[in-house]
There are 2 protein chains.
Amino acid sequence: MGRTKDERRAPGMHDVARRAGVSHQTVSRVVNEMPNVRPATRARVLQAIADLGYRPNSAARALVTRRSGTIGVVTSGSMLWGPSSALLGVERAAREAGYFVSLASLGSDPAQVGSTLAHFHEQAVEGVIVIAPEASLQHVADPLLTEVPVVMIGAPPAPDSAVRTTSVDQEMGGRRATRYLIGLGHKQIHHVSGPLEWFDASLRVAGWRAELAAAGLPDGTLLVGDWTARSGYAAGVRIRELIHGRSPQAPTAVFAANDLMALGVIHALAEAGLSVPRDVSVVGFDDIPGADYFTPGLTTVRQDFEELGRRCIEILLEALRGEPSIVAPIAPQLIERASAASPRD
Amino acid sequence: MGRTKDERRAPGMHDVARRAGVSHQTVSRVVNEMPNVRPATRARVLQAIADLGYRPNSAARALVTRRSGTIGVVTSGSMLWGPSSALLGVERAAREAGYFVSLASLGSDPAQVGSTLAHFHEQAVEGVIVIAPEASLQHVADPLLTEVPVVMIGAPPAPDSAVRTTSVDQEMGGRRATRYLIGLGHKQIHHVSGPLEWFDASLRVAGWRAELAAAGLPDGTLLVGDWTARSGYAAGVRIRELIHGRSPQAPTAVFAANDLMALGVIHALAEAGLSVPRDVSVVGFDDIPGADYFTPGLTTVRQDFEELGRRCIEILLEALRGEPSIVAPIAPQLIERASAASPRD
DNA sequence: CTTTTTTGTCCGCAAAGTCGC
DNA sequence: AGCGACTTTGCGGACAAAAAA
C-alpha cells in the first residue's frame with residue numbers, strides 16, 4: 001500500500017545481465033572489480049550499466065556481505081563549534097572513504113544512550129565514532145565494542161580498552177597558550193577551564209599547570225566554567241575583583257579554555273574599566289568564527305578539525321582491517337591577535 | 001576473509017522461531033505487531049527474542065520492504081550556527097520518529113552534488129532534507145524528487161515544485177529587527193545582508209525594506225556581506241566613513257543579517273571611536289552563543305531551530321504518507337539586549 | 001460443518017560466493 | 001582464464017493449511 005504501483009522498479013543486476021547478454025554473476029564481477037572478466041565482456045556490461053542507469057542496491061549487498069557500508073557517529077547534543085566542526089570533518093573523510101555516515105545525537109538521558117546504540121546495532125554500522133569528549137561518555141560505546149571498532153575523539157588513549165582514540169593535543173594547546181603568555185612576561189596566569197569531566201578541559205588545565213611549573217612560576221588560580229560565555233563572565237567578575245582588590249593573586253593574564261569563555265572574561269573586565277590587553281591579557285581556545293573580530297581580536301589556539309576528522313576515519317579503517325594505529329595527536333596552533341600583550345609593570 | 005570466523009552470527013528469525021516453537025513467520029508477525037497472533041504465542045516469541053537478544057536485520061528488512069528507514073540530510077559545507085543547529089534539531093526529530101539519519105555535506109564542487117545524491121539513492125533513503133538555503137542549491141535534490149519526498153529548510157514555498165519547504169519566517173525576522181529600531185526612533189537604518197543567493201539573506205532584506213516603507217522612511221543603504229565577521233567589518237568601515245563624512249546617508253542604526261557580521265560592524269565602529277549603541281545602534285540575527293557577551297550585548301533575532309527540525313520531519317512524514325502539509329513558518333523572536341538604543345539627536 | 005482465527009509453506013528481494021565446466 | 005548454475009543471506013507477502021470456534 002502507499003506507493004503508486006506504476007513506479008518502474010530500479011534495474012537490478014538481472015536486467016543488466018540480460019541487456020549485456022551475460023549472467024548476473026558476471027555483472028557482479030564487473031561491479032566488484034573482480035578479475036577474470038574479459039575486457040570485451042566487461043565493456044559490454046559497463047555499457048549496459050550505463051544504459052540502464054543501474055545502481056547496486058546497498059540493502060541487498062549489505063545483506064549478503066554483512067557489511068552495511070555505514071559508520072555511526074555519536075555526538076553529544078551540544079552543537080558547540082568544536083564538535084560540529086569535527087563532525088563535518090568526519091563526514092567528509094568518511095564519504096571520501098566510501099562510507100555512509102549515520103548520525104545520532106545524545107541527549108543527557110542515559111536511556112537514550114542505550115537506544116542510540118541499539119539504533120546503530122540495528123543498522124549494522126561497521127564502526128562508531130564518538131564525538132563526545134566527556135569522561136562520563138567515555139564508555140557509551142562499550143556495549144558495541146565486541147562487535148565493531150570504536151574511535152573516540154578527544155579521549156585519552158586507553159591501552160587496556162579496545163577503543164581507539166585520536167585528538168588534537170589539548171595539553172600542548174594549553175602549554176602553547178601558557179607559554180606564549182609567559183613569553184610576554186606574565187607571571188600570574190589564571191585559567192578558566194571547561195567542566196573538568198571533559199577531557200579537553202582537564203588536559204588544557206594540565207598543560208597550563210605544566211608550563212607554569214616548567215617556567216618556575218607559581219600556580220595560578222583555576223576557575224572552572226562550563227564552556228559558556230556566561231560562565232566566562234562569572235570568572236571574569238572574580239578576576240576583576242582580585243585586581244581591584246590589589247590581591248596578591250591578581251593575574252596579569254588569563255588563559256580561557258575556549259573562546260566563548262574568553263569573551264565572557266573580556267566582557268566582565270571591560271565592564272569594570274579594565275582594558276584587554278593593557279590591564280589583562282586574555283588567550284582563548286578554538287578560534288571560533290568571529291574571534292578575530294572580538295574587541296580586541298582574540299589571541300587563541302586553533303585546532304584543525306578537518307584533519308582530525310580525516311585521521312579519525314583513517315584510524316577506524318585501520319581498526320577495520322585489524323591493523324594497529326599510530327596515534328600521533330594533532331598539534332594545535334597559536335593564533336596571535338590583539339588580546340594578549342606584555343604586562344605593564 | 002577478514003573477519004574471524006568464530007564470531008557467532010547474530011540470531012535470526014529462524015533461531016527465534018525454533019526457540020519459541022513457532023515458524024519464522026509468526027516471529028515476523030510479532031515483531032511487526034501484526035494482528036492474529038494469540039497472546040500466548042506472542043508472549044513465547046517475545047520471550048525467545050529477549051533470551052536470544054534477537055535484533056531484526058535492517059538490511060534484510062530494507063531489501064524486502066524496499067524501505068531503508070533512513071532519511072538523508074544534506075547540509076551545505078559551512079557549519080555556521082544556523083545550519084548546524086538545524087541539523088541537530090532534524091536529527092532529534094528524525095530519530096524520535098524512528099528514522100536513521102544519513103548525513104552528507106556538500107562541497108562547493110557541483111560534481112559532489114551528483115555523487116551525494118547517488119549516495120543517497122544507493123542507500124534508498126526514504127526522504128531527503130536539505131539544509132542549504134542557497135538559491136543555487138535549490139534544485140540539488142530535484143533528481144531524487146521523482147523517487148522520494150524532499151523537504152528544504154529555508155527555501156520559499158514553490159507551489160509548482162514537489163519540494164516541500166519549511167522555515168523560520170525570515171522576512172518577519174527582518175521586519176521585527178527593523179521595526180524595533182524604528183520604534184526606538186531611528187530614521188536611517190542600513191542593512192548588512194548575507195549573500196543574496198541565500199534565501200534567508202534576501203528575505204531579511206525584504207523584511208527590512210518592507211518595514212521601512214511601512215513606516216514611511218526612506219530606503220537605507222544595503223551592504224552585502226557574506227555572513228563572516230570580516231565582511232561585517234568591511235561594511236562597518238563603510239558605515240563609519242559615512243558617519244565621519246557627515247554624509248546625509250549616515251545611518252543611526254544598522255541591522256545586520258547575522259550576529260557575526262554585526263560583530264564585525266561593531267568592531268569597525270569601535271575602532272573609529274564610535275560607540276554602540278550611543279552613536280550607532282546595531283541589531284543582529286541568530287543569537288549565536290556568546291552574542292549576549294559581545295560588547296555591548298547584542299540585540300538580535302532568535303530562531304528556534306529545535307522547532308524547525310521537528311517541523312521539518314513532520315512535513316517529511318506527511319509527504320511520505322501522501323498528505324498535504326500546512327506550512328506555517330515559525331515566528332522568530334527579538335531578543336533585546338544592549339546594542340540598540342534611541343538615537344541621540 | 002462452516003466460519004473465523006491462527007500458523008506455516010513457498011517465494012521473492014538483490015546481491016555475493018562456491019564450484020564446475 | 002572466462003563464464004554460468006546453484007546456493008546463501010534475513011526477512012516479509014501471498015496464499016494455503018490447520019486449528020479453534
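Backbone-only engagement by B:Pro56 is indicated by non-hydrogen atom pairs under 4.0 Å involving sugar-phosphate atoms exclusively.
Going from atom CG of A:Asp15 over to atom P of C:dA15 covers 9 Å, rounded to whole Å. Taking atom CZ of residue B:Arg18 and atom P of nucleotide C:dG8, one finds them 14 Å apart after rounding to whole Å. When the P atom of D:dT9 is taken as reference, atom CZ of B:Arg55 falls 22 Å away, rounded to whole Å. For the pair A:Met13 CE and D:dG4 P, the interatomic distance rounds to 12 Å; values are reported in whole Å. As a whole-Å value, the separation of A:Met34 CE from D:dC3 P is 13 Å. D:dT8 atom P lies 13 Å from atom NE2 of B:His14, rounded to whole Å.
Contacts between residues 36-52 of chain A and DNA chain D, counted as heavy-atom distances below 4.0 Å, involve A:Asn36, A:Val37, A:Arg38, A:Thr41. Contacts with DNA chain D (heavy atom under 4.0 Å) in residues 23-31 of chain A: A:Ser23, A:His24, A:Gln25, A:Thr26, A:Arg29, listed by number.
Here the closest heavy-atom approach between residue B:Ile71 and residue B:Ala94 is recorded as CD1-CB, 3.8 Å. Residues B:Ala17 and B:Ser23 share a closest heavy-atom pair of CB-C, 3.5 Å. Of all heavy-atom pairs between A:Val168 and A:Pro329, the closest is C-CB, 4.5 Å. Across A:Ser325 and A:Arg164, no two heavy atoms sit closer than the pair OG-NH1, 2.5 Å.
For A:Asn32, no side-chain nitrogen or oxygen approaches OP1 or OP2 of C:dA15 to under 4.0 Å. At the phosphate of D:dG12, neither OP1 nor OP2 sits under 4.0 Å from any side-chain N or O atom of B:Arg67. For the OP1/OP2 pair of D:dG10 and a distance below 4.0 Å, the side-chain nitrogens and oxygens of B:Arg61 include no atom meeting the criterion.
Atom CD of A:Glu33 has 12 or fewer heavy atoms from other residues, nucleotides or ligands within 6.0 Å.
Each of B:Leu63 and B:Gly21 has a nearest nucleotide on DNA chain C; the 5'-most of these lies closest to B:Gly21.
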Stepwise side-chain hydrogen bond (donor to acceptor under 3.5 Å, both in side chains) test for B:Asn32 and B:Arg61: CA-CA 11 Å; B:Asn32 295 353; B:Arg61 170 182 275 148; 3.3 Å; yes
A:Arg310 vs A:Glu307, salt bridge (Lys or Arg N to Asp or Glu O under 4.0 Å): CA-CA, chis, key distance, verdict: CA-CA 5 Å; A:Arg310 250 193 310 276; A:Glu307 175 62 22; 2.9 Å; yes
Verdict with reasoning, B:Arg95 to B:Glu91, per salt bridge (Lys or Arg N to Asp or Glu O under 4.0 Å): CA-CA 6 Å; B:Arg95 206 144 57 85; B:Glu91 191 281 333; 3.0 Å; yes
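Using cut-offs of 30° and 60° on the angle between ring planes, the pair B:His14 and B:His24 is perpendicular.
Out of D:dT9, D:dG12, C:dA15, the shortest distance to the side chain of A:Arg66 is found at D:dT9.
The partner of C:dC1 is absent, by the rule that a Watson-Crick or G-U pair needs both atom distances under 3.5 Å.
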